[in-house]
Chemist: 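One structure is given below, represented as structure tokens, and several questions about it will come after.
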Amino acid sequence: MAVADFLCRAETRRVLWVMGGVFAFSILFQFCELPYGNFIGSLFSRMNFNRMNYVNTQINFTGGFDEKISRNDSIFLIESKKNDDSSGVELLKPNTNLAPERVMEFGNRFRGNNGNVAPVFEQQHKDDNIVPLPSNTESPPLISSPPQVDDNLIVPIASQTDEIAVIVVPLNSTNATIHLMNSPAPSVSHRHVDTDDNSTVLAGSHNPNEATGLLRNDHSLSANGSTMTKRTPAAKKASVEGVVSISEMTNMLLRSSHPSNLLTNPAWSSAGDKELLSAKSQIETAPNNISDLGLYAPVYHNVSKFKRSYELMEQNLKIYIYKEGKRPIFHQPKLKGIYASEGWFMKQLKASKQFLTDDPNKAHLFYLPFSSQTLEEVVYVPGSHSFDKLKAFLNNYLDLIKGRYPFWNRTQGADHFLVACHDWAPEETRREMANCIKSLCNADLREGFKFGKDASLPETNIVSTNPSRSLGGNRPSQRKFLAFFAGNMHGYVRPILLKYWQDKDPTMKIYGRMDNHDYILHMKSSKYCICARGHEVNSPRVVESISYQCVPVIISDNFVPPFLETLNWETFAVFVQEKDIPNLKSILESIPLRRYLNLYNNVMKVQQHFLWHPEPVKYDTFYMILHSIWYNRVFQIAS
């Protein structure tokens with residue numbers, strides 16, 4: 001009996017050990033990298049959906065990118081580093097080793113789960129107008145004609161979460177990885193809006209109410225009459241350390257205007273790429289002799305290169321404007337107010353027969369025709385304290401473009417551009433549109449502005465259909481004031497300016513808000529006009545100063561002035577760092593008379609580049625904005 005008892009206990013222990021071993025073995029298999037994420041599913045793949053034969057997703061919840069992924073069979077190569085860029089998200093770069101048809105297949109089938117495009121692996125609806133790629137082709141097909149779409153098409157806003165998914169899909173592998181990063185929604189705060197910023201208009205109006213037009217607001221006027229200020233860690237993370245002077249900016253551009261990390265290698269080449277490469281070579285080898293009396297060489301970095309680049313733009317540039325998008329956010333330019341530059345550009349480009357093409361296969365650039373001002377007015381929910389819906393609106397629109405055309409996927413957006421003057425535009429377009437060429441009024445190095453890719457857009461307050469009517473000012477000998485400023489106390493710089501100089505010196509005319517008529521008279525009667533930043537780095541005073549032939553004094557650290565790739569700003573403007581406001585008068589008085597007269601004369605020479613006309617005029621603001629975008633695209637092409 002004792003022996004039987006002993007054998008029974010021994011057998012029980014053996015069974016328990018065997019069961020424990022089997023259990024441990026099963027757990028081990030469960031965590032192995034098997035094709036379908038678990039042992040049973042790997043043995044019986046038919047249990048999975050048929051569409052899983054294409055790609056499977058393995059979800060890896062992390063607090064950020066923690067892997068370096070470089071797969072030859074992936075459509076994108078992503079090299080990730082945690083927190084290495086102000087956007088908080090790594091850019092997706094095209095895998096140049098991938099066959100074009102695989103890129104197109106990915107672009108047409110994998111779009112995410114937004115309501116306006118087909119979900120992953122599901123069959124596209126016949127009305128989705130996806131541009132297909134025949135399976136037997138070795139190169140991407142040409143589109144005989146772009147999709148015909150309803151001009152009133154609008155993209156629904158997807159529900160937002162506090163997480164952002166970046167998806168890597170290896171086409172020949174069974175696993176894709178979705179990294180979910182905790183990304184708190186940006187918060188915003190409201191504050192009272194004053195009525196006018198004493199930014200005048202270039203229309204000759206002396207009616208203060210008419211001249212100021214919209215309520216001045218360096219951030220934005222929301223639907224309830226209040227404004228928002230960004231308070232996002234990602235947005236405020238400095239892209240540069242300290243203050244970059246205008247001389248350093250210029251040296252950065254001239255020394256290496258287009259760093260190697262900005263060069264793009266499209267997933268497949270096009271005829272347009274070859275034309276851009278040819279233009280790049282001709283610009284770099286431009287002869288030093290020019291015969292254009294309309295260009296004054298000292299105000300340009302290299303007038304010969306600018307002249308040649310401008311000529312090639314006129315001869316070759318073709319732009320395709322996407323038809324998608326519902327008014328008023330898309331295709332409806334606003335021509336008055338503080339953000340009117342984006343509207344005037346849209347209006348004049350859409351009317352251009354010289355630069356537009358109806359065949360996207362012939363385009364060098366693709367224009368995303370939205371108004372950043374109207375986007376805020378229509379989509380932002382007052383009191384929400386969040387940019388989420390604005391970003392979602394643009395992201396869904398972009399998903400639609402990706403789903404209907406192959407062109408974004410060819411360059412990951414590097415040949416697409418936007419023109420936006422609203423102060424929120426850098427934040428709204430920071431992630432999904434990160435590769436685009438952005439022409440921005442809020443051109444702030446600390447907000448992620450990229451030299452060699454982005455362009456600075458001149459901010460102009462307009463209330464007239466002829467914004468260039470009122471120009472000029474007094475001769476230097478009749479400018480009795482040393483310096484002038486008037487405006488609301490937006491931001492942190494202007495209160496400091498008034499603290500040190502308001503009513504302190506009879507030659508320093510520094511005020512708060514002022515009547516528009518007196519404002520114009522003071523600009524025309526002052527040697528230097530102070531262009532102090534408001535809530536953001538940009539100010540319409542820069543253009544106003546040039547219009548009234550008053551030498552602009554820019555007090556706005558890390559502001560990239562318009563057309564810097566072409567114009568030598570130190571020949572017609574003065575830059576003072578914010579910390580030097582207490583020494584402002586001594587800085588201005590230390591400028592010799594001869595130097596001031598050169599500055600004054602050069603202001604008149606560059607004035608043509610800062611004027612809007614009812615119809616575009618050679619070298620005016622429209623053409624200069626277009627040239628900045630063209631020039632940056634030309635030099636992004638890898639040789």
Chemist: Does the side chain of Lys480 reach to within under 4.5 Å of the side chain of Thr507, using non-hydrogen atoms?
Modeler: no
Chemist: With a 4.5 Å heavy-atom cut-off, do Met249 and Leu445 have their side chains touching?
Modeler: yes
Chemist: Can the ring centroids of His627 and Phe622 be said to lie less than 6.0 angstrom from one another?
Modeler: no
Chemist: Does Asp557 offer a backbone N or O that forms a donor-acceptor pair with the side chain of Glu578 under 3.5 Å?
Modeler: yes
Chemist: Given Phe484, which of Tyr548, Tyr519, Trp501 fulfils the ring pair (Phe, Tyr, Trp, His ring centres under 6.0 Å) condition?
Modeler: Tyr519
Chemist: Within 45° of the ring axis of Tyr596 and under 6.0 Å from its six-membered ring centre, is that where the NZ or CZ of Lys527 lies?
Modeler: yes
Chemist: Above 12 or not: heavy atoms from other molecules or residues under 6.0 Å from NZ of Lys499?
Modeler: no
Chemist: At what distance, to the nearest 0.5 angstrom, does CE of Met523 lie from CD1 of Ile530?
Modeler: 9.5 Å
Chemist: Is the distance between the ring centroids of Tyr397 and Phe393 under 6.0 Å?
Modeler: no
Chemist: Output the distance between atom CG (Leu356) and atom CG (Leu349), rounded to the nearest 0.5 Å.
Modeler: 5.0 Å
Chemist: Are any of the side-chain nitrogens in Glu342 or Lys334 under 4.0 Å away from the carboxylate oxygens of its partner?
Modeler: no
Chemist: Hey, are the side chains of Gln373 and Ile338 touching, using non-hydrogen atoms and a 4.5 Å cut-off?
Modeler: no
Chemist: Can you tell me if Asp415 uses its side chain to pair, donor with acceptor, with the backbone of Ile437 under 3.5 Å?
Modeler: no
Chemist: Minimum heavy-atom separation for Glu570 to Leu599, with atom names?
Modeler: O-CD2, 4.0 Å
Chemist: With the side chain counted from C-beta on, respond yes when Leu365 and Phe355 share a heavy-atom pair under 4.5 Å apart, and no when they do not.
Modeler: no
Chemist: For Lys326 and His331, which I'm curious about, is there any donor-acceptor pair between the side chains at under 3.5 Å?
Modeler: no
Chemist: Take Ser525 and Gln478 through the test side chain to side chain donor-acceptor pair (under 3.5 Å) and record every step on the way to the result.
Modeler: CA-CA 7 Å; Ser525 304; Gln478 296 177 329; over 6 Å; no
Chemist: Considering the options Tyr300, Tyr310, Tyr623, which one meets the ring pair (Phe, Tyr, Trp, His ring centres under 6.0 Å) requirement together with His609?
Modeler: Tyr300
Chemist: So which atom in Gln332 and which in Met346 form the shortest heavy-atom distance, rounded to 0.1 Å?
Modeler: N-SD, 3.8 Å
Chemist: Just verifying a value: how many Å separate Leu584 CG and Glu589 CD, rounded to the nearest 0.5 Å?
Modeler: 10.0 Å
Chemist: For Tyr380, is there any backbone N or O sitting under 3.5 Å from a side-chain donor or acceptor partner on Ser384?
Modeler: no
Chemist: Rounded at 0.5 Å granularity, tell me how far NZ in Lys347 sits from CH2 in Trp344.
Modeler: 6.0 Å
Chemist: Give a yes or no on whether the backbone of Cys529 and the side-chain of Ser526 come within a donor-acceptor separation of less than 3.5 Å.
Modeler: no
Chemist: Treating Thr374 as the side-chain partner and Ser371 as the backbone partner, does any N or O pair qualify as donor plus acceptor under 3.5 Å?
Modeler: no
Chemist: So, for Leu497 and Ala532, which heavy atoms are closest and what is the spacing to 0.1 Å?
Modeler: CD2-CB, 4.3 Å
Chemist: Side chain of Gln607, backbone of Ile546: donor and acceptor closer than 3.5 Å?
Modeler: yes
Chemist: Less than 4.5 Å apart, any side-chain heavy atom of Ser628 and any of Glu565?
Modeler: yes
Chemist: With no hydrogens and no angle check, is any side-chain donor or acceptor of Trp569 less than 3.5 Å from a backbone partner on Val299?
Modeler: no
Chemist: With no hydrogens and no angle check, just 3.5 Å: does a side-chain donor-acceptor pair link Ser372 and Glu428?
Modeler: no
Chemist: When you measure from the side chain of Ser556 to the backbone N and O of Phe559, does any donor-acceptor pair fall under 3.5 Å?
Modeler: no
Chemist: State yes or no: are the ring centers of Phe330 and Tyr322 separated by less than 6.0 Å?
Modeler: no
Chemist: Go through Glu376 and Leu390 one step at a time and tell me if the side-chain contact (heavy atoms from CB on, under 4.5 Å) criterion holds.
Modeler: CA-CA 7 Å; Glu376 184 271 335; Leu390 286 77; 4.3 Å; yes
Chemist: Is there side-chain contact between Val419 and Leu457, with at least one heavy-atom pair below 4.5 Å?
Modeler: yes
Chemist: Do the non-hydrogen side-chain atoms of Thr429 and Leu394 ever get within less than 4.5 Å of each other?
Modeler: yes
Chemist: Are side-chain N/O atoms of His301 and Asn568 paired as donor and acceptor at under 3.5 Å?
Modeler: no
Chemist: Can you name the closest pair of heavy atoms from Met489 and Phe485 and give their distance?
Modeler: CE-CE2, 4.4 Å
Chemist: Please determine whether a side-chain nitrogen of the Lys or Arg among Lys438 and Asp454 lies less than 4.0 Å from a carboxylate oxygen of the Asp or Glu.
Modeler: no
Chemist: Is there a side-chain contact (heavy atoms from CB on, under 4.5 Å) between Phe572 and Tyr600? Walk through the geometry before answering.
Modeler: CA-CA 7 Å; Phe572 59 91; Tyr600 172 84; over 6 Å; no
Chemist: Take Ile629 and Ser439 through the side-chain contact (heavy atoms from CB on, under 4.5 Å) test and state the conclusion after the steps.
Modeler: CA-CA 7 Å; Ile629 296 167; Ser439 183; 4.3 Å; yes
Chemist: Enter the distance from Ile462:CD1 to Lys336:NZ here, rounded to the nearest 0.5 Å.
Modeler: 10.5 Å
Chemist: Less than 4.0 Å between a side-chain N and a carboxylate O, is that true for Arg430 and Glu447?
Modeler: yes
Chemist: Restricting to non-hydrogen atoms, name the atom on Leu588 and the atom on Ala483 that form the minimum distance, rounded to 0.1 Å.
Modeler: CD1-CB, 3.8 Å
Chemist: For Asp292 and Tyr619, which I'm curious about, is there any donor-acceptor pair between the side chains at under 3.5 Å?
Modeler: yes
Chemist: Has the side chain of Asn488 got a donor or acceptor atom that lies under 3.5 Å from a matching backbone atom of His490?
Modeler: no
Chemist: Verify the ring-centre separation between Tyr367 and Phe417: is it less than 6.0 angstrom?
Modeler: yes
Chemist: side-chain contact (heavy atoms from CB on, under 4.5 Å), that's the test. Do Ile581 and Val576 meet it? Break it down for me.
Modeler: CA-CA 8 Å; Ile581 289 176; Val576 176; 5.6 Å; no
Chemist: Please check this pair: side chain of Ser309 against backbone of Lys305, looking for a donor-acceptor N/O pair closer than 3.5 Å.
Modeler: no
Chemist: Between CG of Leu335 and CD of Gln348, what distance do you get to the nearest 0.5 Å?
Modeler: 9.0 Å
Chemist: Evaluate the side chain to side chain donor-acceptor pair (under 3.5 Å) criterion for residues Glu459 and Asn538: first the C-alpha distance (whole Å), next the side-chain angles of each, then the deciding distance (0.1 Å), finally the verdict.
Modeler: CA-CA 7 Å; Glu459 182 176 6; Asn538 46 303; 2.8 Å; yes
Chemist: Which heavy atom of Pro495 sits nearest a heavy atom of Gly491, and at what distance?
Modeler: CD-O, 3.5 Å
Chemist: Is there a side-chain contact between Leu498 and Tyr511 (heavy atoms, below 4.5 Å)?
Modeler: no
